[in-house]
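To start, the structure itself, in structure tokens.
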Amino acid sequence: MSEYTVHTSTLFDPKRLAWLENVSITVNKINGLIVKVTERKGKDTEVKDGDIDLRGKVVLPGLVDAHTHIFLHAYAENPSVNQKRDESFVERIIRATNHCRIALLSGYTTYRDLGSESMKEADANVRDAINRGLMPGPRLFVATRVIASTLAYEPRNENHIGGTCMPAGCDSADGPDELRKAVRRRIGYGADLIKVYADYRRRIMRFPPKQQHPYVTEINILPDDPNPDHNVFSDEELRAIVEEARMAKAPCVAHAHTEEGVIASCKAGVDCIEHASRVGDAGLKAMLDGDVMMCPTLSVVEFMHVKHFPEILKTVKKAFDMGIRIAAGGDTGTFPHGEGVREIELLIQAGLPLEEAIKSATLRGWESCGGDLCGRRFGWFEEGCAADIIALDSDPRTDKNAFRKVDFVMKDATVWKQAGQGQGMLEIGTPQRGNYLTKFGLDAEQSW
Ligand SMILES: [Zn+2]
């Protein structure tokens with residue numbers, strides 16, 4: 001049977017910010033979409049053969065992690081520079097395979113994956129492997145390599161007699177013309193979106209990090225932060241990147257921690273700011289004026305900027321109160337995949353109402369992927385949306401650990417996890433070939 005129905009007694013609708021009772025959702029297994037959403041008169045319903053009964057659980061749309069890195073594992077296990085330098089391409093692919101599976105089973109049906117971290121365009125290949133039903137995982141929207149200026153982001157060390165001997169971390173380019181080419185390369189290699197570094201610790205070799213060089217540095221004139229972030233592009237360069245991304249109908253997001261980085265990015269017209277940990281009032285205003293989203297990545301900030309964390313939580317609340325749209329993305333990978341819900345918990349800690357935090361991890365997640373430009377609707381329940389449905393075993397309105405109790409996961413109308421069936425996969429996903437293309441009236445990729 002191609003259609004079946006999921007029956008719920010408590011469901012959260014991120015569009016209406018409302019908890020709804022007694023809703024049934026009919027889904028189509030062939031195209032992976034929701035066919036209809038009906039509100040029943042009461043709790044009782046006829047559960048047909050093949051239907052799924054989630055009454056008694058709390059049902060949410062599949063979660064979206066808006067800032068991930070599938071090829072990274074926890075920095076606490078191995079610093080990123082060592083992962084890039086020492087781990088083989090194969091090991092990193094296998095790790096990513098595990099990460100994707102764990103992420104899906106923890107309730108994440110979509111990942112906005114923001115940079116392959118020295119794995120070239122392999123993120124696009126993993127995305128395709130998932131879409132073809134070869135492995136379980138969230139629906140991926142990938143950036144491939146991040147764009148940065150010369151030596152602004154590359155893994156750096158003091159020994160470059162034979163080059164840096166490190167795999168390239170990004171697509172380095174300078175000047176508007178070369179940057180347009182860099183965006184064209186990313187698009188050509190299959191990027192869903194463009195990510196650019198607006199600021200970075202580009203002067204880090206003045207005070208090489210202790211991790212790599214464990215010698216005492218006495219000449220430390222900036223005790224608070226010897227390696228602050230500085231802008232890496234001129235306004236003209238940033239504008240060229242955004243214009244080129246826009247021409248390809250791809251969202252453009254900027255990594256920016258500082259006030260200067262945020263303002264320059266907003267001026268250039270980016271769609272979302274990643275981190276924004278040191279943003280001030282002028283930066284927040286620039287985001288609001290430009291309707292630029294904010295993905296504050298609190299989960300990574302929590303352990304990377306311990307000292308400033310309380311102040312950063314306040315900034316996020318202020319941004320929210322001003323009306324800036326917040327996307328929940330943890331920079332997952334810098335801490336373990338499968339723990340993505342930490343970001344929802346931290347948004348609540350920052351002061352967002354529970355319902356708004358869930359919206360950040362669902363509907364806002366879809367918006368951060370480009371909304372309708374991304375080719376699929378997900379993050380809420382409506383006819384035509386992807387049938388991404390998860391269920392919690394307890395109610396987040398009374399249990400703050402509820403997000404860690406995901407016991408049902410459906411993505412594109414395929415069930416991957418169901419209570420009482422263990423942690424494994426119920427079925428290997430049916431290949432969803434053509435899903436993204438049929439929407440646009442195409443049935444195969446053609447070269448012109
Ligand atoms: Zn990141």
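Counting convention: from 1, in listed order, for ligands and their atoms alike. One-based numbering along the sequence shown.
With hydrogens and angles left out, the side-chain atoms of H99 and H73 include no donor and acceptor closer than 3.5 Å.
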Candidate pair H337 and Y111, rule ring-ring contact (aromatic ring centres under 6.0 Å, His included), full reasoning: CA-CA 11 Å; H337 292 273; Y111 256 19; 5.7 Å; yes
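Taking 2.8 Å as the criterion, D331 counts as a coordinating residue of the Zn ion (ligand 1), since one of its N, O or S atoms falls below it. Contact annotation: H69 places an N, O or S atom under 2.8 Å from the Zn ion (ligand 1).
Between K314 and E311, no side-chain nitrogen of the basic residue sits less than 4.0 Å from a carboxylate oxygen of the acidic one, so the salt-bridge criterion is not met. Salt bridge E259/R278: absent, no basic N to carboxylate O contact under 4.0 Å.
The N, O or S atom of H67 lying closest to the Zn ion (ligand 1) is NE2.
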